[in-house]
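Everything quoted here is computed from the prediction, not taken from an experiment.
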Amino acid sequence: QVQLVESGGDLVQAGGSLRLSCAASGRFFSINVMGWYRQAPGKQRELVADITSGGSTNYADSVKGRFTISRDNAKNTVYLQMNSLKPEDTAVYYCKVELKLFSSNVRMYDYWGQGTQVTVSS
């Protein structure tokens with residue numbers, strides 16, 4: 001079984017910064033894409049950023065230039081550095097990892113973290 005543990009969510013003022021972390025543990029062969037999603041009240045869950053095993057990144061237009069996603073493969077951990085936070089960034093942030101459980105199986109499986117609350121006040 002695979003577990004994802006998220007941390008770093010908090011209440012901050014507009015213009016502040018936070019760093020989210022998500023660590024994967026358990027038995028698996030490899031991790032492919034790691035990403036962050038968020039869901040605000042009354043809104044659909046949306047992709048914030050993701051990063052491939054090769055280091056290629058993708059960002060939502062709303063966070064480009066402010067957020068940076070990175071990963072530490074030795075620690076099976078993905079980070080989201082959030083700068084210049086705005087009230088509209090307020091949401092529950094979820095970590096998602098796409099991984100292979102076995103080397104002989106090409107199928108990828110998605111696992112989700114428990115979510116961490118980010119609240120940005122005006």
Side-chain angles (χ1 to χ4, degrees):
Q1 189 58 45
V2 179
Q3 296 83 230
L4 302 181
V5 179
E6 299 182 30
S7 63
D10 207 347
L11 170 64
V12 298
Q13 293 186 337
S17 298
L18 286 173
R19 191 191 194 201
L20 306 183
S21 299
C22 175
S25 63
R27 287 186 172 272
F28 49 85
F29 177 70
S30 63
I31 298 175
N32 186 27
V33 180
M34 307 182 81
W36 291 95
Y37 293 72
R38 67 186 181 187
Q39 188 166 21
K43 301 257 187 174
Q44 297 294 311
R45 187 172 298 187
E46 64 175 351
L47 174 70
V48 177
D50 60 24
I51 183 168
T52 69
S53 59
S56 179
T57 59
N58 180 51
Y59 296 93
D61 288 341
S62 59
V63 307
K64 285 181 179 177
R66 300 188 297 121
F67 292 9
T68 302
I69 189 169
S70 61
R71 62 193 285 172
D72 185 336
N73 291 329
K75 297 180 179 180
N76 293 322
T77 300
V78 62
Y79 306 95
L80 186 67
Q81 179 65 48
M82 304 185 293
N83 298 325
S84 301
L85 283 163
K86 304 174 180 179
E88 49 262 47
D89 294 319
T90 296
V92 177
Y93 284 69
Y94 297 92
C95 172
K96 190 193 82 173
V97 302
E98 182 184 70
L99 53 79
K100 292 177 66 175
L101 294 176
F102 311 101
S103 62
S104 60
N105 195 338
V106 298
R107 181 178 177 180
M108 306 296 290
Y109 295 83
D110 289 338
Y111 288 84
W112 292 87
Q114 80 280 7
T116 184
Q117 178 70 50
V118 172
T119 302
V120 184
S121 62
S122 300

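- The aromatic rings of Y94 and W112 lie perpendicular to each other, with more than 60° between the two planes, well past the 30° mark.
- A 6.0 Å sphere centred on OH of Y109 holds more than 12 heavy atoms belonging to other residues, nucleotides or ligands.
- Scanning all heavy atoms of the two residues, the minimum distance from I31 to R71 falls at O-NH2, 3.5 Å.
- Pairing each heavy atom of P87 with each of S122, the nearest pair is CG-OG, 3.6 Å.
- Within a 6.0 Å radius of CD in E88, other residues, nucleotides and ligands contribute more than 12 heavy atoms.
- Of all heavy-atom pairs spanning T77 and K75, the tightest one is OG1-O, 2.9 Å.
- Following chains of ILVMFWY side-chain contacts shorter than 4.5 Å, one cannot reach L99 starting from V33, and the two form parts of different hydrophobic clusters.
- Looking at D89 and K86, no side-chain N of the basic residue comes within less than 4.0 Å of a carboxylate O on the acidic one, giving no salt bridge.
- Listed here is the closest heavy atom pair of V120 and T90: N-OG1, 2.9 Å.
- In the hydrophobic clustering of this structure, V5 does not group with L80; members are Ile, Leu, Val, Met, Phe, Trp, Tyr whose side-chain heavy atoms approach within less than 4.5 Å, directly or through other members.
- Between Y93 and the choices Q117, Q39, R38, the side-chain contact (heavy atoms from CB on, under 4.5 Å) rule is met once, by R38.
- Nearest heavy-atom pair across Q114 and L4 is OE1-O, 3.5 Å.
- A continuous path of ILVMFWY side-chain contacts below 4.5 Å connects M82 to I69, so both sit in one hydrophobic cluster.
- Nearest heavy-atom pair across W36 and L47 is O-CD1, 3.7 Å.
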